[in-house]
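For reference, the structure is listed below as structure tokens.
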Amino acid sequence: MSRYPRIEQYGLIGDMQTAALVCDDGGIDWLCLPRFDSPAVFTSLLGTERHGSWRVGPDPTIGGGVTTKRGYRGDSLVLESEWYTPAGTVRVTDFMPPRGRASAPQVIRIVDGLSGDVPMVSTVRPRMEYGRVSPWIHQEGGRMVAEAGPEALWLDAPTQHIVTDGAMVSAFNVTAGDSVAFVLSRTQSHAAPPETSDPETALTTTLSFWREWTAQGSYEVGRYHDAVVRSVLTSKALTYGPSGGIVAAPTTSLPEEPGGARNWDYRYTWLRDSSTTLAALLGTGHLQEAQAWTRWLLRAVAGDPENLQIMYGITGERDLPERELPWLPGYEDSSPVRVGNGATDQLQLDVYGEVIETLYLSGQSGFAPCRYTSILHRRLVEQLAERWQEPDEGIWEIRGPRRHFVHSKVMAWVAVDRTVRLAEAGALDVDLCALKKLREAIHHEVCTRGFDPARNTFTQSYGSPELDASLLVIPRVGFLPPKDPRVMGTVDAIRRELATPDGFVRRYLTAGDSTGVDGLAGDEGTFLLCSFWLVDALALIGRLDEAHALFDRLLTVRNNLGLLAEEYDPLAGRQLGNFPQAFSHMGLIRSALLLHQLASSSAQEPKCHLPCPSSASDVQSANELVLSAEAPAADATILTRA
């Protein structure tokens, strides 16, 4: 039996600058401080407890084990875990108070006795620099301090601690009505000690923040309300508040295959992930996040769009060198453990489409674009016009030879199409005639070189026999009408060749060694976002019952807190990859919005107003369909300051 908990055994807490994973055994096994991309101080998720963890729970000698019950308190990121033990019942409430720019990050754990007299143990074992450095632990002014180099962790609690084997250990009892709170704060070691805080006041403030933020949205998704709200909360938790950047996930190196080497660092801001997540937030009425991301985009990209990267640091950093951490064995011995990401230098043409799609959807939601956004938009289109015929690494960041990926070309078409639409509406000053010709040229090339008429399906790349789940977005972005025979043939082909009988979809077929399209050894699970794409495609081509059935099946994959990783292994019945994953939650939100809109509409598909769908320039995208029904009017006073 593995010494590692399954990924789905973890819950998420965070303060919109970093996040922690809390296991159902009471252990915090992953926490980076002070930011998402900082070195971890608790890293046992990728190693052993000796690489850093903090467990609060019943004394193991009384048989506490994993929690009997856990959940978030209402629509918040406050996690409650309960143990029913032979000695009584106890609850641990875990949260991170939202902080201002100057505030110290804090993890607060409140232990409440509910019945009986329960022996409890708190074991804080900090290890700086991803579990590599053991700190100097001592007392200062009655407070426990762990210091190493520039880092200091301060632990405040009403219980006594002893230092043993590099850990701060406190044993105590709680009876019904007792409450014991632990507060862990991080500062720089040379700075003044952090101020002490009242845990109960911090809890009240944190709950109020999340309730007020959730109330700002609109969630008309019928029976999917709870799933959508939890996914929206998760997306917000993955937002770095000071900059507006959104991380793909708060973790690194959780494997796509247990024991394998497909382990990547996702604690950065991908243009693709950010734009699609923002589209989901727009669809649920969270316009402030769209404004913040637009500002992040301008800061990160606008000064040098000619060298557009696929990802940046959470405050716009460009240099994200990839390296390995050999002292960590990896989750379930999946090595290497990587920090940084070498894919930052790849060419992925689809990001032009996804970024411009977000700018377009922002306008559809009532945003008034500023002059700098318009300049950026034009320069991005100019770059795309020069580069769209180049091969690239594609949406999946292959580490093999570049190809002419069909999805990349489709998204290049999206970039030009949305620019044309904005220009026709008078919102952008461009050479409209030239862009219309470019749009037609891209469309014609994709339909000619990226389509296999013998099999009636689009293919992964020009001239290749392989399929790719990213082709499922063709009807969603309006490249072709949903009922076009080429679209329906592609959906059927992907279901035959890439999907399991239950509808879980692989990105593409891997070769198991470095001879495959991605140049990587090993295999991976089914990709959850691709499965949500199949939901969308089925719904758009008129198979609404099948779409609802698959969506309901996908909801059962979430853990008991409503969280999703990147991938899923349907044979082992477990989640895989970095966790929780913004892409997966974005897919859930957008599918729920689309299903609700189609089910509520008298017409179950967008209508094409063209006599011939050769360009599909007037086909309404699924994004627009959702926004036209779900997104409230924006506050122009706020948005014109973007």
Side-chain angles (χ1 to χ4, degrees), residues 12-20 30-41 76-77 95-108 150-152 184-188 191-192 194-195 197 202 205-206 208-210 212-214 216 232-252 265-271 273-275 277-278 281 286-303 309 311-320 339-341 344 355 358 362 370 372-373 376 580 582 638-639 641-642:
L12 177 77
I13 60 174
D15 62 4
M16 289 153 296
Q17 294 190 42
T18 190
W30 181 256
L31 173 63
C32 299
L33 291 174
R35 305 186 346 165
F36 290 109
D37 55 356
S38 299
V41 298
S76 77
L77 224 66
F95 63 99
M96 298 182 70
R99 55 179 151 127
R101 293 178 183 268
S103 303
Q106 291 185 330
V107 177
I108 298 179
E151 304 294 323
L184 186 72
S185 307
R186 180 266 179 194
T187 63
Q188 293 181 311
E195 295 182 1
S197 62
T205 302
T206 302
S208 296
F209 170 85
W210 287 110
E212 292 171 7
W213 184 83
T214 306
Q216 295 170 10
V232 171
L233 283 164
T234 303
S235 298
K236 177 65 172 175
L238 300 182
T239 302
Y240 184 68
S243 71
I246 301 173
V247 297
T251 57
T252 179
D265 193 347
Y266 277 14
R267 298 170 301 152
Y268 306 110
T269 300
W270 271 254
L271 297 187
D273 295 34
S274 297
S275 61
T277 299
L278 261 293
L281 290 170
H286 287 287
L287 304 178
Q288 295 287 355
E289 282 62 38
Q291 179 194 24
W293 184 76
T294 302
R295 294 171 65 90
W296 176 89
L297 178 68
L298 285 168
R299 291 191 299 268
V301 177
Q309 296 186 179
M311 73 180 82
Y312 297 84
I314 53 179
T315 56
E317 299 90 344
R318 287 177 170 267
D319 189 16
L320 309 174
V339 295
N341 201 305
T344 185
V355 170
T358 295
S362 296
C370 70
Y372 301 107
T373 303
L376 171 62
I638 294 174
L639 300 176
R641 294 198 292 265

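- Heavy-atom minimum distance, Trp270 versus Ala248: CE3-CB, 3.8 Å.
- Between the CZ atom of Arg295 and the CZ atom of Arg299 there is a distance of 6.5 Å, given to the nearest 0.5 Å.
- Under the rule for a ring-ring contact (aromatic ring centres under 6.0 Å, His included), the partners of Trp213 that lie at least two apart in sequence or sit in another chain are His286.
- For Ala582, the side chain to side chain contact (heavy atoms under 4.5 Å, CB included) criterion is met by Leu238, Thr277, not counting sequence neighbours.
- Heavy-atom minimum distance, Thr234 versus Leu12: CG2-CD2, 4.3 Å.
- For the pair Ile314/Trp296, no side-chain contact is recorded, criterion being any heavy-atom separation below 4.5 Å from C-beta on.
- When all heavy atoms are compared, the tightest approach of Asp15 to Thr18 is OD1-N, 2.9 Å.
- Annotation: the span from Leu281 atom CG to Gln288 atom CD amounts to 12.0 Å, rounded to 0.5 Å.
- Contact annotation: the side chain of Ser235 never approaches that of Glu289 to less than 4.5 Å [non-hydrogen atoms, C-beta and beyond].
- Listed for the Glu317 side chain is a donor-acceptor partner under 3.5 Å among the backbone atoms of Thr315.
- With sequence neighbours excluded, the residues satisfying side chain to side chain donor-acceptor pair (under 3.5 Å) with Tyr266 are Glu566.
- Remark: Thr205 engages Thr201 in a side chain to side chain contact (heavy atoms under 4.5 Å, CB included) (not counting sequence neighbours).
- Just one residue in the list Cys32, Pro242, Pro105 forms a side-chain contact (heavy atoms from CB on, under 4.5 Å) with Gln17, and that residue is Pro242.
- Closest approach of Phe36 and Pro250 over heavy atoms only: CD2-CB, 4.2 Å.
- In this structure Ala292 satisfies the side chain to side chain contact (heavy atoms under 4.5 Å, CB included) test with no other residue, sequence neighbours excluded.
- For Asp265, the side chain to side chain donor-acceptor pair (under 3.5 Å) criterion is met by Arg267, Tyr268, not counting sequence neighbours.
- A donor-acceptor pair under 3.5 Å is formed between the side chain of Thr269 and the backbone N or O of Ile246.
- In this structure, the side chains of Pro150 and Gln188 stay at 4.5 Å or more apart for every pair of heavy atoms.
- A pairwise comparison of heavy atoms in Arg318 and Ala300 identifies NH2-O, 3.5 Å as the closest pair.
- Considering only residues two or more places apart in sequence or on other chains, Thr206 meets the side chain to side chain donor-acceptor pair (under 3.5 Å) condition with none of them.
- Here the side chains of Val301 and Tyr312 are in contact, with some heavy-atom distance below 4.5 Å.
- Residues that satisfy the salt bridge (Lys or Arg N to Asp or Glu O under 4.0 Å) test with Arg186, not counting sequence neighbours, are Glu151.
- The side chain to side chain donor-acceptor pair (under 3.5 Å) check on Ser76 picks up nothing, with sequence neighbours excluded.
- Closest approach of Ala249 and Pro580 over heavy atoms only: CB-O, 3.4 Å.
- In this structure, the side chains of Leu297 and Thr358 stay at 4.5 Å or more apart for every pair of heavy atoms.
- Every residue meeting the side chain to side chain contact (heavy atoms under 4.5 Å, CB included) condition with Thr344, not counting sequence neighbours, appears here in chain and number order: Gln309, Met311, Leu320.
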